[in-house]
Novice: 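First, the structure itself, so that you have it in front of you.
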Amino acid sequence: MTFLETVRTAFTAVMGRKMRSALTMLGILIGIASVMLTIGLGQGAQQQITSQINKLGSNLIIVSSGANSGLTVANANSGTNNNRTRFTTPLTLNDAAALADKNTCPDILRVAPVSTTITTAYNGTASDTPSVVGTTPEWVDVTARTLTEGRFFTSDESNAGSMVAVIGPGTATTLFGSDAVVGQTMTLSGQSFTVIGVLNSVGTTLSGNGDEQIVIPAGTYAQRFSTSTNMNTVSTILMEAKDKDSLSAAIQEATTTMYVMHNVTAAAPDFSVSSQQALVETIGSLTTILTALLSGIAGISLLVGGIGVMNIMLVSVTERIREIGLRKALGARPSIIMLQFLVEASMLGLMGGALGIGLGIVAGRILSKAISYPVIISVEATSLALAVSLVIGIVAGVYPAWRAAKLAPIDALRNE
Amino acid sequence: MPMIVELSGVHKTYKTGSITFEALRGVSLEVQENEYIAITGPSGSGKSTLMNILGCLDIPTAGTYLLGGEDVSTMSEKELAVVRNKRIGFVFQQFNLLRSMTAQRNVELPLMYAGVHAKERHTLAREALERVGLGDRTHHRPGELSGGQQQRACIARALVTNPDIILADEPTGNLDSVSTHEVLRLLHELHDQGRTIILITHEHDVALESQRQVQIYDGLLTEGLPV
């Protein structure tokens, strides 16, 4: 008896009890479909995060004031820190200048000091309340933004404190509707600004809504918006590492430079250095853990499905004692009987799995549309699901198949 | 004529917990090639046990069984499966055809276990079905055949491997008189063509169809029919 004939025999047996086979497969089907969906959602989330890295500029490093704010990459000793009650030296333009020094920080490509506040902007009666960012021309490259209209301001404009602004597309629409934006004026804190450019749309990223922004020269910000006594004070300093490989070196250089600038030690820093990459990786690994956890829960339904297959196979063996006896009388060796039932069980598993994959793909499409979030069902996940359902079928079939193989032919034939 | 079946001093004891039951108490039987022999006996006489041992479905507790000169009394289940497949053709009272398969596929089953290729299998099965007069019923399922036709399909299945013996266990037990007649005539024809047939029955007139009758009673075998 060839393997193909065994498969054919098993297929006949499965098809001969359609209702029962369908119900048995249902367990595997639901299990596989839910695991596929969970993994699909997880991979969708991973893709979202990856695209966010690209939006943010994957080599972005951020220096913020105060230890332990955000994800600290500097060796801040969190156990002994009481920085909240201690005086913290604010970040200044001098720090930014030091970080831009190619001799001490060769791996840092660009530096953009950033000050941020929130103010309402007016154009006649139209108003919008975006975040106002005061920075230098490097900002546009550091944050990996582009302009869809007009231009970014120059160093000269930045130093001179020109009343010019580059605005996000969301703010542009809110303030000016569909009119041409470049050359228009708007009022910000009672002062008139000329719009010279519109930024590309990035949507909401990990650092806020990039579409609702007004970017003005650092000099202008210092004169008009700074609340600090020191006009050189900035909120954060953004930097771009030369490339992905030099990211950790750049972080190290930035940290060392900041120790010197602020005259602090690694034991008690008053700043923190973080990278978007690290943050994104952390979120990514959290997503992976969450996906694994949810898949595990979904996997329990697979286990239940497997038990269902085993149960039905045991019933099947009991019901078909006469058939088994006959096959043995006609010369079927125990191994052939064993194989027949094993193939039958794995067929139930495999068919349930295949249908589950189908359901998973369809449900994934629908879910993806419904929640407008990507659900990615990869070839790897599909083949893995198929393999898992096959293995479940085989494992569930071993004991019933062994029972069938061990039946004495006379007992089997005698059974009425 | 060489001996096909040589049973000598065969005992079969069943143990169920503390109860021991001796179904066969030293049975010796010789069957020659191309002999047509009937074994009769009332229920509980050890008839079924003898049939199981003759059919290699079970092995004796003591004594030897030579089938075609080969000692099968100490074989493993795996080896017995091969012996059953090659040397024995079973005809059952209940026919035991698989309902999901056509007559053709049912007859092919023992050939499949013997590892015969599909093409040769089809030819042999078709020939066997034609031999029993079911040439026009090859693609019918058992449910679409009458009792007599089912039993003839069963005989075709027993024939198809060209076995040493055909072991018919109450082959007419479930049949009406017309079908009984057909089946007995078929067994006769097969005997005339040189086959060895062992018929197990409790019916007097069916037993008389054979050349030689032996009877079993309380686990012991005697020649002739009960008076």
Side-chain angles (χ1 to χ4, degrees), chain A residues 1-22 315-344 347-348 401-416, chain B residues 12 14 23 48-59 75-102 105-118 121 141-143 154 157-158 160-161 163 167 169 174:
Chain A
M1 192 155 176
T2 67
F3 185 70
L4 204 69
E5 285 159 352
T6 310
V7 169
R8 190 179 160 183
T9 306
F11 187 74
T12 313
V14 167
M15 282 303 157
R17 299 164 179 80
K18 284 197 183 65
M19 188 64 182
R20 177 194 290 184
S21 301
V315 170
S316 190
V317 168
T318 311
E319 272 185 356
R320 286 151 71 191
I321 278 185
R322 274 188 83 81
E323 179 194 326
I324 297 162
L326 173 75
R327 287 180 184 275
K328 289 193 164 192
L330 297 183
R333 274 172 283 121
S335 57
I336 285 182
I337 297 291
M338 174 110 187
L339 189 66
Q340 184 194 328
F341 280 88
L342 262 185
V343 168
E344 208 173 308
M347 199 173 275
L348 284 172
W402 178 81
R403 285 246 313 228
K406 283 287 152 203
L407 277 173
I410 48 161
D411 293 336
L413 270 177
R414 194 190 290 145
N415 185 280
E416 294 294 324
Chain B
K12 183 71 195 181
Y14 293 109
S48 295
T49 307
L50 181 58
M51 133 93 193
N52 287 337
I53 286 180
L54 283 170
C56 296
L57 294 166
D58 207 350
I59 49 170
M75 279 186 173
S76 70
E77 172 54 27
K78 193 173 150 186
E79 293 165 316
L80 286 176
V82 177
V83 170
R84 286 195 294 266
N85 183 258
K86 287 200 174 134
R87 296 184 177 275
I88 299 160
F90 288 96
V91 179
F92 303 97
Q93 183 179 0
Q94 311 285 345
F95 320 136
N96 283 336
L97 296 166
L98 294 182
R99 316 221 128 257
S100 58
M101 292 182 182
T102 61
R105 292 255 296 147
N106 264 293
V107 175
E108 280 182 28
L109 212 51
L111 295 174
M112 208 147 90
Y113 291 128
V116 177
H117 284 293
R121 227 159 57 198
R141 284 168 206 277
C154 189
R157 184 179 62 192
V160 78
T161 50
L167 195 59
D169 181 19
N174 274 4

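Everything numeric here is computed off the predicted structure, so don't read it as measured data.
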Novice: I'd like to know whether B:Glu108 forms a side-chain contact (heavy atoms from CB on, under 4.5 Å) with A:Glu5, so could you lay out the CA-CA distance, the side-chain angles of the two residues, the decisive distance to 0.1 Å, and finally the verdict.
Specialist: CA-CA 12 Å; B:Glu108 280 182 28; A:Glu5 285 159 352; over 6 Å; no

Novice: Rounded to the nearest 0.5 Å, what separates atom CD1 in A:Ile410 from atom CG in B:Asp58?
Specialist: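 If I round to the nearest 0.5 Å, the distance is 4.0 Å.
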
Novice: Pairs of donor and acceptor atoms involving the side chains of residues 79-89 of chain B, under 3.5 Å and at least two apart or interchain, shall be tabulated with distances.
Specialist:
unit_1	atom_1	unit_2	atom_2	d
B:Glu79	OE1	B:Ser76	N	2.9
B:Glu79	OE1	B:Ser76	OG	3.3
B:Arg84	NE	A:Lys328	O	2.9
B:Arg84	NH1	B:Cys56	O	2.7
B:Arg84	NH2	A:Lys328	O	3.1
B:Arg84	NH2	B:Glu77	OE2	2.8
B:Asn85	ND2	A:Leu330	O	2.7
B:Asn85	ND2	B:Pro110	O	2.9
B:Arg87	NE	B:Glu70	OE1	3.2
B:Arg87	NH1	B:Asp164	OD2	2.4
B:Arg87	NH2	B:Glu70	OE1	3.2

Novice: Does OH belonging to B:Tyr14 count more than 12 external heavy atoms closer than 6.0 Å?
Specialist: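 Above 12, so yes.
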
Novice: Which residues satisfy the ring pair (Phe, Tyr, Trp, His ring centres under 6.0 Å) test with B:Phe92, sequence neighbours excluded?
Specialist: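 For B:Phe92 the ring pair (Phe, Tyr, Trp, His ring centres under 6.0 Å) partners, ignoring immediate neighbours, are B:Phe90.
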
Novice: First locate atom CZ of A:Arg8, then atom CE of B:Met112, and finally report the distance between them rounded to the nearest 0.5 Å.
Specialist: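 Spacing of CZ (A:Arg8) from CE (B:Met112) equals 8.0 Å.
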
Novice: With rounding to the nearest 0.5 angstrom, report the OG1 to CE distance, A:Thr9 to B:Met101.
Specialist: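 Result: 5.0 Å between the selected atoms.
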
Novice: Taking all atoms of both residues into account, what is the closest heavy-atom pair of B:Tyr113 and A:Gly331, and its distance?
Specialist: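 Smallest heavy-atom distance, with atoms named: CB-O, 3.7 Å.
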
Novice: Contact part of B:Arg99 toward chain A, heavy-atom cut-off under 4.5 Å: side chain, backbone, both or neither?
Specialist: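 For B:Arg99, neither part sits under 4.5 Å from chain A.
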
Novice: Just verifying a value: how many Å separate A:Arg327 CZ and B:Asn96 CG, rounded to the nearest 0.5 Å?
Specialist: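 Result: 12.0 Å between the selected atoms.
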
